[in-house]
2 protein chains.
Amino acid sequence: MPDLTQSSVHNRLLAKLCPEDFDLLQRSLEPVTLNRGDVLITPHQPIEHVHFLEAGITSIIANTAGGRRIEIGLTGRDGLAGTPVLLGVDSTPHETFMQIGGSGLRIETERLRQAIRQSSSLHSLLLRYVQAFTIQTSHTALSNGSHRIEERLARWLLMCHDRVDGDDLALTHEFIALMLGVRRASVTEALNILEEREIIQANRGNVVVLDRLRLEETAGDSYGVPEAEYERLIGSFR
Amino acid sequence: MPDLTQSSVHNRLLAKLCPEDFDLLQRSLEPVTLNRGDVLITPHQPIEHVHFLEAGITSIIANTAGGRRIEIGLTGRDGLAGTPVLLGVDSTPHETFMQIGGSGLRIETERLRQAIRQSSSLHSLLLRYVQAFTIQTSHTALSNGSHRIEERLARWLLMCHDRVDGDDLALTHEFIALMLGVRRASVTEALNILEEREIIQANRGNVVVLDRLRLEETAGDSYGVPEAEYERLIGSFR
DNA sequence: CGGCAAATGTGCGGTACCGTACATTTGTCG
DNA sequence: CGACAAATGTACGGTACCGCACATTTGCCG
C-alpha cells in the first residue's frame, strides 16, 4: 500500500487526530471507492468495517416491520459510517448506504476496536463525533415533527451541500422523497418553488445550489443547531 | 450516608454492573428526590451531575431558535440522564427534565468521568446504553415523519408504561401534546378514541392503561424496534 | 361552599399533504 | 435514429391535522 499521509486526508476526523493517533490507524486504513447505492452497513448484520469518508455522502436509514423507511442522518467527510462500533456494539437495526458516490478509508472493525483501546484521545474524538451525530438525528426528529416540507427539503439540501465539493447534487426527486419520507410529487412541487425563486436550479437527476444564503432563509430554524454543535465539538466542516 | 447495596437498586444499568464496578460508583452516588418539572440538564450549561433514575421518567427535548419544542427521547430506570458526559462532552443544546416525578441516584460528572476512565467494563455498559438510546431517538424521528397521531400517541403511552410501576400515568393532554409536537385538541380526540375502545381510561390529569396488548396493536410498527434493541444490548427492562 | 384556574370537550374553516393516476420530457442504448 | 425506461410535471379528490375560539367540567383553595 502506498504511504498515506495525514496531510493528504480529507476526512475531518482523521485530519483532526494527533499524529500519534493517526499513525496508530494509518497502516490499517484501506482506500476504497464507494459507489452510489453501496451498502456499508446491513441491518442486524455484523459491521465488518468502519468507513471514514473522503468524498460522497452516506445515508442512515431507520425502518419498521411494516416497510416504512426514513433517513435519520447523513455523513460525509465530516464523519464516519459505523458509529455503533465506537459504542462497543456489533450491529444495528439501521441501514447505511452511499447516497452520493465517493471514496473513503476503511478499517476493519476489530482493528479500530484495538486502536481505541490503546488510545483514549482517539476514542475521545470519535465519541465526540457520536455526540455531534446524535444531535443531528435529534433535529431530524424535530424537523420531521414540526416543519413543513419546503423547510425540511431546504434543510436537507443544505446538509448535502455542506458535504460536497461545488454546488451540484446528483439527486432525483424520487430519492429525496424517500429520504424525507414524503410523496415524490411533493418534492417536485417544493423544488419547483425553489427554482422559481432562483434559489436552486434543477436538471434531470441533478440539483444545483445557486443561492445558499436564501436556501438557509428558506430552511429557517430547521437548520443550524447540529451544525453549530459539530463546530463546537469537532471543528470546522471544511 | 447509609449503605447503598446493589441488590436494593432499581436502576437497570446499576443493577447490571459487575460488583467491582458498582463499588467504584457506590460512594459517589447520592440519592435524590426528583419532582415533576425538575430540570436535570439545562441547554448549553455544564452538566453537573449524571442521574441514574430509580423511579419516574425524564424527557429529553430538542428546541429551535424559533421556539419549536419536541421530545426526542425519554428515560426511566432503564437508563440515565446525561448521556453527553459518557461521550466526553460537557453540555448539550437539549433540555432534560422530569416528566413524571420519582427519584434517582446522582453522581458528580467529574467522578463519573474518573470511574469510566478506571473501568472499561463500566464505560462499555454505559456506552451500550447510549447506543440503545440513539435507536430510540432515531425511531422517534421515523415516527414523527411517518405515523399518524393515534399511532404516535400509542407508542408514547407504551414507552411511559414500560417505565412506571402499575398502570397509571399522571399526564395532561396539554403535556402530551407538547411532547408529540401536536395540538392539544388532537391529543384529546385521540385519547377519546382509545377510551371508547376501552384501551385506556382517562381521568383529569391521569391516563390508566387498561389493555396493553391492544395499545400495542394500535401503535402498530411504530413501537418495538428500540425496545428489542435495548433488550439485546442491556437486558430486560424489568 | 363558592370562586377560580386548570383541564378537558367541541366546533369551524383552512391547508398541507396524501394516494393515485396519467401525461410529458429526457437521456440511453441497441 | 428510434425505442424504451427513468425522471419529471400535473391534476384530482380525500383526509389528517392545524389554528383558533369558546364552552364546560373538575379539582382546589381561601
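What you see below is based on every heavy atom in this structure, not just the backbone, and it leaves out hydrogens, waters and symmetry mates. Every chain is numbered from 1, with letters handed out A, B, ... down the list of sequences.
If you check every strand for non-hydrogen atoms under 4.0 Å, A:A202 touches nothing.
Here salt bridge (Lys or Arg N to Asp or Glu O under 4.0 Å) pairs that include residues 59-78 of chain A, with residues two or more places apart or in two chains, are A:R69-A:E95, A:R77-A:D165, A:D78-A:R163. Applying the ring pair (Phe, Tyr, Trp, His ring centres under 6.0 Å) definition to pairs two or more places apart or across chains, none involves residues 181-226 of chain A. Pairs of residues two or more places apart, or lying in two chains, never qualify as ring pair (Phe, Tyr, Trp, His ring centres under 6.0 Å) while including a residue from residues 142-170 of chain A. Within the structure, salt bridge (Lys or Arg N to Asp or Glu O under 4.0 Å) pairs that include any residue of residues 191-205 of chain A comprise A:E150-A:R197 (at least two apart or interchain).
The nearest whole Å value for the distance from the CG atom in B:N192 to the C1' atom in C:dG11 is 14 Å. Atom CG in B:N206 sits roughly 13 Å away from atom C1' in C:dA7 (whole-Å rounding). Distance CD (B:E196) to C1' (C:dG9): 13 Å, rounded to an integer number of Å. Computed from coordinates, the A:I70 CD1 to C:dC17 C1' distance equals 14 Å when rounded to whole Å. Between B:I193 atom CD1 and C:dT8 atom C1' the separation is 16 Å, expressed in whole Å.
One finds a salt bridge joining B:R212 and B:E216 here, because a Lys/Arg side-chain nitrogen approaches an Asp/Glu carboxylate oxygen to under 4.0 Å. Salt bridge annotation for A:R214-A:E217: absent, with no cationic side-chain nitrogen under 4.0 angstrom from a carboxylate oxygen.
Between the side chain of A:T137 and the main chain of A:I72, a donor-acceptor pair closer than 3.5 Å is present. A donor-acceptor contact shorter than 3.5 Å is absent between the side chain of A:R106 and the backbone of A:V50. Between the side chain of A:S222 and the main chain of A:A219, a donor-acceptor pair closer than 3.5 Å is present.
For A:H173, there are no ring-ring contact (aromatic ring centres under 6.0 Å, His included) partners at least two apart in sequence or on another chain. Residues passing the ring-ring contact (aromatic ring centres under 6.0 Å, His included) test with B:Y230 are B:F237, sequence neighbours excluded. Scanning for ring-ring contact (aromatic ring centres under 6.0 Å, His included) contacts around B:H51 gives an empty result, with sequence neighbours left out.
At the phosphate of D:dC18, OP1 or OP2 sits under 4.0 Å from a side-chain N or O atom of B:S186.
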All N/O pairs under 3.5 Å across the protein-nucleotides 22-26 of chain C interface:
from	atom 1	to	atom 2	distance (Å)
C:dT26	O2	A:R204	NH1	3.3
C:dT26	O2	A:R204	NH2	3.1

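Looking at residues 168-179 of chain A, you'll see that no heavy atom sits under 4.0 Å from any atom of DNA chain C. Of the residues in residues 142-153 of chain B, B:R148, B:I149 come within less than 4.0 Å of DNA chain D through at least one heavy atom, sorted by number.
Summary of the strand contacts: A:R183 and A:G205 both lie near DNA chain D, and taking for each the nucleotide with the nearest heavy atom, the more 5' one is attributed to A:G205. Comparing B:A185 and A:E189 against DNA chain D, the residue whose closest nucleotide sits nearer the 5' end is A:E189.
A 6.0 Å sphere centred on CD of A:E189 holds no more than 12 heavy atoms belonging to other residues, nucleotides or ligands.
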Just list the side-chain donor-acceptor pairs under 3.5 Å for residues 31-49 of chain A, sequence neighbours left out, or say none.
from	atom 1	to	atom 2	distance (Å)
A:R36	NH2	A:A170	O	2.6
A:D38	OD2	A:N35	N	2.9

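The bend of the helix from C:dC1-D:dG30 to C:dG30-D:dC1, defined by the angle between the axes of its first five and last five pairs, stands at 30° to the nearest 10°.
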